[in-house]
2 protein chains.
Amino acid sequence: MSRSRRRPAASGTSVTLKDVANRAGISVATASHAINGTRKVKDETRDDVFAAIKELGYSGHSIARSLRRGRTAMLGLVVSDIENPFFAMLASHVQRAAAARGYQLIFANSEERADREREIVEAMSAQRVDGIVLAPVAEQNVEFLSMRRMPLTLVNRRFPNVVSPYVVVDDFAGASLAFDHLWNLGHRTIAIIHGDEHQSTTISRVAGIRESYQRRAHVFDETLSINAGRSGDAGETGLVALLARIPRPTAILALSNWSLLAAIRGMHRSLLRCPDDVSLVGYGVTSPYWVPAAAITMVEQPVTDIANNAVQILLDQVEKNVTVEPVVLRPLLTVGQSSGPPAIYRAEP
Amino acid sequence: MSRSRRRPAASGTSVTLKDVANRAGISVATASHAINGTRKVKDETRDDVFAAIKELGYSGHSIARSLRRGRTAMLGLVVSDIENPFFAMLASHVQRAAAARGYQLIFANSEERADREREIVEAMSAQRVDGIVLAPVAEQNVEFLSMRRMPLTLVNRRFPNVVSPYVVVDDFAGASLAFDHLWNLGHRTIAIIHGDEHQSTTISRVAGIRESYQRRAHVFDETLSINAGRSGDAGETGLVALLARIPRPTAILALSNWSLLAAIRGMHRSLLRCPDDVSLVGYGVTSPYWVPAAAITMVEQPVTDIANNAVQILLDQVEKNVTVEPVVLRPLLTVGQSSGPPAIYRAEP
DNA sequence: ATGAAAGCGCTAACAT
DNA sequence: ATGTTAGCGCTTTCAT
């Protein structure tokens with residue numbers, strides 16, 4: 001006898017597994033097993049189940065499944081600035097990699113703010129995502145997640161004092177690659193524009209430049225180095241001043257996406273063209289809406305590899321409960337049309 | 001007596017509401033009500049509950065809550081190209097608006113492909129999101145969601161034959177705005193670059209141009225119109241050809257983000273500068289990594305308003321079950337440094 | 001090869 | 001003001 005005195009879920013006309021089982025004339029257990037392939041089911045029964053599914057338009061209830069299984073099949077992705085083409089591309093590829101392995105992606109933008117990041121990781125934690133890919137802002141939020149045993153993979157930046165799997169690019173090597181390219185072309189007066197000096201990426205890249213000079217028994221002229229930060233026009237303004245010097249730097253090495261933008265604008269304002277007036281090498285990603293491939297000589301961050309590796313080692317933790325090793329990827333120098341020998345080697349004196 | 005013969009959820013050491021209730025020496029009902037404020041609880045008891053929560057590090061289980069309540073507090077966002085700065089900004093603002101109202105955001109990128117879009121909406125549907133903000137690709141997928149009674153708000157594009165709430169910008173008015181600006185400066189030979197001709201946005205914008213000519217008893221010279229599509233360099237190449245014409249167009253009107261990029265590249269290749277050689281007006285969004293505000297005269301899509309309205313009318317459907325009216329926003333012309341009177345009005349003949 | 005039924009952790013109707 | 005408990009829809013153990 002049916003009492004039905006409770007009608008909590010606003011389930012509407014939602015069709016459940018029980019409905020499917022009834023329609024197929026079997027038990028919910030068998031229906032479940034038929035769907036998931038978790039145990040042998042007679043072919044005929046299985047066909048009945050799928051027929052019923054189709055007829056009723058059943059589509060499963062992943063919330064109920066998650067509650068029972070203790071897994072949500074959802075991953076979190078936290079980026080620090082979705083308008084930065086690097087993170088836009090990262091989001092795109094992480095989402096694709098996650099989907100390919102049966103996971104949905106919850107996405108959020110911390111806007112480089114530690115408090116936003118805290119809210120986000122707490123919300124994702126409460127939402128019981130199975131793991132998080134995090135482009136971290138504040139060390140303390142990483143610790144919060146570690147404390148709660150949340151499977152975690154850091155990308156882009158990492159913190160020396162925090163043990164957590166990460167996927168980064170060898171920025172020291174990348175900067176050296178760019179420097180060697182310019183040096184071998186004959187450049188000796190190279191302007192450097194870099195991002196926020198507190199970030200591990202900037203530190204490694206600048207260290208790479210410094211070491212490249214040392215290796216050649218040269219001194220790194222600090223006055224040729226500009227901090228473009230991550231917003232504002234300090235980089236652009238600084239570069240304009242630098243390009244007005246005599247003798248003028250023969251090359252510009254922009255060590256981040258934002259720096260590259262500053263460099264392009266500064267050159268434009270100085271009415272200089274590359275590679276004729278000055279060579280330009282960037283560091284970051286290429287994307288149609290941003291810098292088209294091969295237009296500018298670039299140290300390319302392998303964003304697809306970063307995304308794939310991040311998802312891979314995150315799911316290794318989630319599914320196999322395996323302790324994973326950090327991944328350090330090699331950047332690649334793509335020679336484009338923006339760099340060439342310094343003018344002095346060509347025509348005029 | 002405890003039997004505990006089942007240990008399904010890999011819950012680890014997860015602390016539940018029951019633990020909190022035990023610790024506070026009360027029932028789970030009271031604990032629940034204290035947390036949610038769903039009924040009167042004695043102040044002292046309430047304090048005990050929150051003390052217990054803090055001590056045990058309890059953080060709720062939104063999966064269980066979702067199952068019981070029939071709501072997930074999650075919204076879906078499907079964009080067609082996350083690398084396009086318009087959608088990157090949209091994602092950022094939709095996520096923020098959703099978070100402000102207590103909703104998490106599931107995000108996905110359809111890459112302009114109907115089949116990807118289908119997978120995505122099916123997955124989100126199975127995930128029981130409470131509603132979806134969709135930048136649609138295929139009409140049929142919109143119908144699929146309508147059929148399943150999924151609360152839905154379309155953005156950017158809409159389909160004439162589908163009834164579904166939407167938030168769009170008045171593209172007809174926006175194009176007229178841009179045209180009037182150029183016309184009033186004295187331009188009469190205006191090159192048009194637009195996006196994919198099958199999209200409703202392109203159709204409205206081009207119609208706006210056409211009508212603007214008619215209103216002035218002029219004929220729209222179709223040979224001045226270029227289709228830049230949404231990728232490739234057709235726009236750039238077409239523009240270079242157009243700018244080689246004699247007499248040269250005195251202005252370029254780029255009717256989409258992608259068209260604007262094509263225009264900038266085409267001008268660059270033609271060694272022309274704006275506004276001195278030719279005026280340029282764009283249509284889309286401004287963003288530091290893309291086109292900085294005020295650098296280029298632009299019809300700006302009010303992306304923050306789009307996002308806020310989309311979330312607003314989506315949640316009106318979800319929470320109030322209200323039938324909502326579509327929203328048509330007015331675009332805004334921002335005059336920047338890229339447009340001025342045609343050269344003929346200034347110095348040379 | 002299949003079923004019966006116990007919960008996953010929570011909310012809320014029905015108690016007191 | 002608080003407690004008891006059914007049940008959201010599913011997976012999975014135990015039993016047949």
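Below, chains carry the letters A, B, ... as their sequence lines are ordered, and counting in each starts from 1. Please read all numbers here as calculations on a predicted model, not as lab measurements.
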State the [atom1]-[atom2] distance between [X] and [Y], to the nearest 0.5 angstrom.
X        : Y        : atom1 : atom2 : value
B:Glu55  : B:Asp48  : CD    : CG    : 9.5 Å
A:Arg149 : A:Ser125 : CZ    : OG    : 13.0 Å
A:Arg116 : B:Gln95  : CZ    : CD    : 5.0 Å

In terms of side-chain heavy atoms, does [X] have a donor or acceptor partner in [Y] at a distance below 3.5 Å?
X        : Y        : value
B:Arg148 : A:Ser59  : yes
B:Asn308 : B:Gln312 : no
A:Ser110 : A:Arg118 : no

Please give the angle, rounded to 10 degrees, between the axes at the start and the end of the helix from C:dA1-D:dT16 to C:dT16-D:dA1, where five pairs define each axis.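 The helix from C:dA1-D:dT16 to C:dT16-D:dA1 shows an end-to-end axis angle of 40°.
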Could you give the [atom1]-to-[atom2] distance, from [X] to [N], as a whole number of Å?
X       : N     : atom1 : atom2 : result
B:Lys18 : C:dG7 : NZ    : C1'   : 11 Å
B:Asp43 : D:dA1 : CG    : P     : 9 Å
A:Leu67 : C:dA6 : CG    : P     : 17 Å
B:Ile63 : D:dG9 : CD1   : P     : 15 Å

B:Phe107 and B:Val94: side chain to side chain contact (heavy atoms under 4.5 Å, CB included), yes or no, with the steps? CA-CA 10 Å; B:Phe107 146 86; B:Val94 166; over 6 Å; no
Which is it for A:Leu134 and A:Leu145 under the side chain to side chain contact (heavy atoms under 4.5 Å, CB included) test, yes or no, and what are the steps along the way? CA-CA 10 Å; A:Leu134 173 64; A:Leu145 290 171; 4.2 Å; yes
Within a 6.0 Å radius of atom CZ on A:Arg96, are there more than 12 heavy atoms belonging to other residues, nucleotides or ligands?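 No, not enclosed.
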Selected nucleotide, minimal atom distance to B:Arg39 side chain, candidates C:dC14, D:dC10, D:dA1: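 Output: C:dC14.
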Options C:dT11, D:dC8, D:dT12, nucleotide nearest the side-chain atoms of B:Arg69: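 It is C:dT11.
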Members of residues 21-36 of chain A that approach DNA chain D, where some heavy atom sits under 4.0 Å away: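 When residues 21-36 of chain A is checked for heavy atoms under 4.0 Å from DNA chain D, the hits, listed by number, are A:Ala29, A:Ser32, A:His33, A:Asn36.
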Which of residues 46-58 of chain B have a heavy atom under 4.0 Å from DNA chain D?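 Hits under 4.0 Å, by residue number: none.
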Determine the sole option in A:Val79, A:Ile306, A:Asp81 for which the side chain to side chain contact (heavy atoms under 4.5 Å, CB included) test with A:Phe86 is passed.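 By the side chain to side chain contact (heavy atoms under 4.5 Å, CB included) criterion, A:Phe86 pairs with just one of A:Val79, A:Ile306, A:Asp81: A:Ile306.
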Identify the two heavy atoms, one from B:Leu77 and one from B:Ala91, that lie closest to each other, and give their separation to 0.1 Å.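 That closest heavy-atom pairing would be CD2-CA, 3.6 Å.
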With heavy atoms under 4.0 Å as the rule, sort A:Thr45 into base, sugar-phosphate or nothing.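 The residue A:Thr45 makes sugar-phosphate contact but no base contact.
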